[in-house]
A.B. asks: 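Have a look at this one before I ask anything.
Position 1 is the first residue of the sequence, and the numbers go up from there.
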Amino acid sequence: MWVYECRADQATGGSNELDGSIDTIYCFSGGNTSLLHIGDIISLYTDDGDHRGLVDDRCLVEIGDGRPESPPKKFRDCLFKVCPVNRYAAQKQYWTEQKRFSEKEQNELEFRKSLGTAIQYGTTIQLLHVKSDKFVTVQRNSPAKLERNAMKVYLDRAGNEGSWFVVEPAYKHYVIGDNVAAGNKVSLVPYTAGKEIANHSVKHQLHLSHLRLPDHPRAAEVNCLNEVTEWQVFMFLLYDENRPDVVKSGDVIRLFHADQQTFLTLDTVPKTKQDVVFLRMTNRPSAADATSSRALWEVQVVQKDAFRGGSAHYRDFYRFKHLATDMYLTAVANTGPKPQTGTGLRRPSLAMTKLHPNGVSLPRGAETPEQSADNTYVLTPANYDFVETEKNTMFSLEPSTITKSKDVVTRSFVRIYHNESTSWVHATSPGNKDNLYFSSKTEKGWVKLIGEKARLDKETFALLPVSPNEVRDLDFANDACEALSGFFSLIRSGKVVSKEPLNNVIQLLTECIFFVMNCSNHLADPFKISSETKPSRDRQKLLREQLVLDEVFKLLKAPFMPRQGVTELGPLLNSPHDLNEQRNEVFKTMFQLCYSLLRYSQIGYRKNQEFLAEKFGQIQEQIGFDLMAEDTMTAVLHNNPKLLEKYVKTPHVERFVELVRNNRQGKFLDYLADLCVCRGEANKKIQELICTSVLSEANRNIFMETLLVDGEVWIQWQGEKKKLVEIALDAQTHVEDAEALDYYRTKSIQKTTK
């Protein structure tokens, strides 16, 4: 079982970078026998159990998920970088920001100096979780969640002295001072525990609990206890293979088709719900700017040992895994009409060669009969639990120009060859509608990709690297979507919704707000983020593309839906009115955070505004219950005339007028007034809708009547009459008079404005 970072419960922010990895040596595989160094990237395996931290900062082991010959599908969750010990004096003593920055520079310098240093038993190291960029840390004064006699182990953004671990041998034939080799089994002892004179024969160490997590039944927690757990170190990437200018295992890239100026993308066809691989056409002036989280691919360099990565070389075998869906790129025989590639009479280059399935380069004309067959293949995504046995997921890369180097360099142009079908990846002609999976007013076209026997000069792809921060943003969005979906399923299951999962979801929604607003102060009030803070457009787009916003809307409906227990159960809440009860205060906070997240996600971003506008029917049902639904709706429509005229209909206006009539509060008049004016100009269509509703006999009682009696101003409303002066004086002590005065003032202002 592999050590993981937990991903499905609770939200925390970003963190530091795990820059060390451990060489893995596996005794029965001859190609993976190296020492462990500073800077290596490793995985930790134990015969008892695995280890994962973007949405949840716990460390855990997933029982039975993967083995050395077939690692987990989410193997990125299991990778750690071996780092030297960082200094934390400035952090511990709360020194000035300048001193903390200086200490950080010293730590980075120390890492560069010690890069490649062999690890010996007795060496103190830190383990940086590559995916989340956080350090594995022991919290001495906090008990573990399940085993209360153990210390808590978690992932920490900056790390501290609890992040220091001494590498000690698991067996007695190794002694302190021996080199640690990949494949060895080790014990990871916290530095503080290693220096103590323990009364026990076994030191406190990184320990795998045998108790299953209640919210993650297939997993057990990792804690720190004076019981032995042997961790086998498997090498993923050596320190000298981890070069930024060379493509390597674990890298995330975009594949950019040079001729058509489009990105290789995986998405779901809206009509058929089929997952397809295509080149997404765009109307943007610069096609390279049309980036999408659906176009990110993880490179896997195929090695003899499945747990081993490596740097990429031309004509090696590769797999491309779609980062957002974990589906693999593959090719299947085309059963329909042969797609047109649009090559016309252009002939293949005479100098071109072809690759034999075993990787040997053959001159044209020396193909096998199977290779010469006139058939085509279609690129498609596929889901595999054990991808190691699937040969149709393997591709090779060929340089577009003659080069002496065997390394595949980032940003280079390559041709892609599918080994199983012995075909080259080609784009089809976008001018033929039969070659498009999908097109609409907002989507110019999804162009099919095929595999053909001929190799063409123009069919090249650029390998564009993706920054680690962008990858972490996608990981956070995916993990958040999974966590929200899990909570929705919990409500629908009919099980008891305890305080812990509710608090976790509230924390997650808060972190999502900080995430989209790019807010570094995670102690700020999520409802009162400064208007000067600009949201991140890329993160707004990410929340929509990765279905986080869809999960939020599902969450807003979940408490009012029938539950599926042993027998059919009634909804958790009967109506939004129930949210105003004291016992449902936590749910009300959750709803307010949901609507705040929706509001922040659409600021200045047209596509998200259209997405929310299509959900007005659902939002409208929850207006008027202090859930911030009305704030979200008016924020979407503010200064947006096209959305106003397209999406605001009579039922929406009637709902706002009903709120004015029932609540008699000035803020609802403000919402109604916001619908009238757009960019400082009156919107005639909306004005007509509002006047038709307000001036109808059913709604005439929303008006206050102003009377002048004996030189004094009186207000008549709902059959009662009172002096305006008295209302103003009583408003200081009576809530009803204060609301009436606010309503009168707002109505007068709106009337004057119009």
A.B. asks: Got a salt bridge between Glu443 and Arg280, using NZ or NE/NH1/NH2 to carboxylate O under 4.0 Å?
C.D. replies: yes
A.B. asks: I'd like to know if Asp578 and Arg583 make a salt bridge, using a cut-off of under 4.0 Å between side-chain N and carboxylate O.
C.D. replies: no
A.B. asks: Do Ser601 and Gln540 have side-chain atoms, one donor and one acceptor, less than 3.5 Å apart?
C.D. replies: no
A.B. asks: How close do Asp267 and Trp446 get, counting heavy atoms only, and between which atoms?
C.D. replies: CB-CH2, 3.8 Å
A.B. asks: If the threshold is 4.0 Å, N to carboxylate O, is there a salt bridge linking Arg655 and Glu658?
C.D. replies: yes
A.B. asks: State whether Glu645 and Lys685 are salt-bridged, where the test is any N-O pair (Lys NZ or Arg NE/NH1/NH2 against Asp/Glu carboxylate O) under 4.0 Å.
C.D. replies: no
A.B. asks: Looking at side-chain heavy atoms only, is the closest gap between Lys152 and Lys145 below 4.5 Å?
C.D. replies: no
A.B. asks: Is any NZ, NE, NH1 or NH2 atom of the basic residue among Asp473 and Arg539 found under 4.0 Å from an Asp or Glu carboxylate oxygen of the other?
C.D. replies: yes
A.B. asks: Near Asp525 CG, under 6.0 Å, is it more than 12 heavy atoms from other residues, nucleotides or ligands?
C.D. replies: yes
A.B. asks: Could you walk me through whether Cys59 and Leu155 satisfy the side chain to side chain contact (heavy atoms under 4.5 Å, CB included) test, starting with their C-alpha distance in whole Å, then the side-chain angles of each, then the deciding distance to 0.1 Å, before giving a yes or no?
C.D. replies: CA-CA 7 Å; Cys59 295; Leu155 296 173; 3.7 Å; yes
A.B. asks: Are Glu610 and Arg606 close enough for a salt bridge, meaning some N to O gap below 4.0 Å?
C.D. replies: yes
A.B. asks: Mind jotting down which residue pairs meet the ring pair (Phe, Tyr, Trp, His ring centres under 6.0 Å) criterion with at least one end in residues 673-696? Sequence neighbours excluded, please.
C.D. replies: none
A.B. asks: Can Leu598 and Leu556 be said to form a side chain to side chain contact (heavy atoms under 4.5 Å, CB included), step by step?
C.D. replies: CA-CA 11 Å; Leu598 293 174; Leu556 290 170; 4.1 Å; yes
A.B. asks: Tell me, do Ser292 and Phe263 make a side-chain contact under 4.5 Å, heavy atoms counted?
C.D. replies: no
A.B. asks: Answer whether the closest heavy-atom distance between the side chains of Leu509 and Cys594 falls below 4.5 Å.
C.D. replies: yes
A.B. asks: Check this for me, if you would: do Arg472 and Asp479 make a salt bridge, where the nitrogen-to-carboxylate-oxygen distance has to be below 4.0 angstrom?
C.D. replies: no
A.B. asks: Taking NZ in Lys646 as the centre, count heavy atoms belonging to other residues, nucleotides or ligands within less than 6.0 Å. Is the count above 12?
C.D. replies: no
A.B. asks: Filter on side-chain hydrogen bond (donor to acceptor under 3.5 Å, both in side chains), then keep only pairs touching residues 612-624, sequence neighbours left out; what's left?
C.D. replies: Tyr595-Gln622
A.B. asks: Can you name the nearest heavy-atom pair linking Val552 to Leu484, along with the distance?
C.D. replies: CG2-CD1, 4.2 Å
A.B. asks: What heavy-atom pair brings Phe625 and Asn580 nearest, and what distance separates the two atoms?
C.D. replies: O-OD1, 3.7 Å
A.B. asks: What is the minimum heavy-atom distance between Arg294 and Thr325, and which atoms define it?
C.D. replies: NH1-CG2, 3.7 Å
A.B. asks: Would you say Leu637 and Phe616 make side-chain contact, with heavy atoms under 4.5 Å?
C.D. replies: yes
A.B. asks: Looking only at heavy atoms, which two atoms of Ile619 and Leu612 are closest? And how far apart?
C.D. replies: CD1-O, 4.2 Å
A.B. asks: Got a sec, which residues hit side-chain contact (heavy atoms from CB on, under 4.5 Å) with Glu470, two or more places apart in sequence or on another chain?
C.D. replies: Arg254, Leu296, Val466, Ser467
A.B. asks: Yes or no on side chain to side chain contact (heavy atoms under 4.5 Å, CB included) for Arg58 and Glu221, after CA distance, side-chain angles and deciding distance?
C.D. replies: CA-CA 8 Å; Arg58 295 177 300 175; Glu221 75 175 359; over 6 Å; no
A.B. asks: For Phe135 together with His129, are the ring centres under 6.0 Å from each other?
C.D. replies: no
A.B. asks: Just wondering, do Leu593 and Pro526 contact through their side chains at under 4.5 Å, heavy atoms?
C.D. replies: yes
A.B. asks: Give a yes or no on this: more than 12 heavy atoms of other residues, nucleotides or ligands lie within 6.0 Å of atom NZ of Lys722.
C.D. replies: yes
A.B. asks: Hey, do the aromatic rings of Phe560 and Phe591 have their centres closer than 6.0 Å?
C.D. replies: yes
A.B. asks: Suppose we screen for side chain to side chain donor-acceptor pair (under 3.5 Å). Which residues come up paired with Ser575, at least two apart in sequence or across chains?
C.D. replies: none
A.B. asks: Which residues pass the side-chain contact (heavy atoms from CB on, under 4.5 Å) test with Leu729, sequence neighbours left out?
C.D. replies: Val725
A.B. asks: Any side-chain heavy-atom pair from Val586 and Ile506 closer than 4.5 angstrom?
C.D. replies: yes
A.B. asks: Below 4.5 Å, heavy atoms only, C-beta onward: do Gln546 and Cys481 meet side chain to side chain?
C.D. replies: no
A.B. asks: Asp626 versus Gln592: any side-chain heavy-atom pair under 4.5 Å?
C.D. replies: yes
A.B. asks: Provide the closest heavy-atom pair for Ser693 versus Glu654 in the form atom of the first, atom of the second, distance.
C.D. replies: OG-OE1, 3.3 Å
A.B. asks: For Lys607, what residues pass the side-chain contact (heavy atoms from CB on, under 4.5 Å) criterion, not counting sequence neighbours?
C.D. replies: Arg544, Tyr605
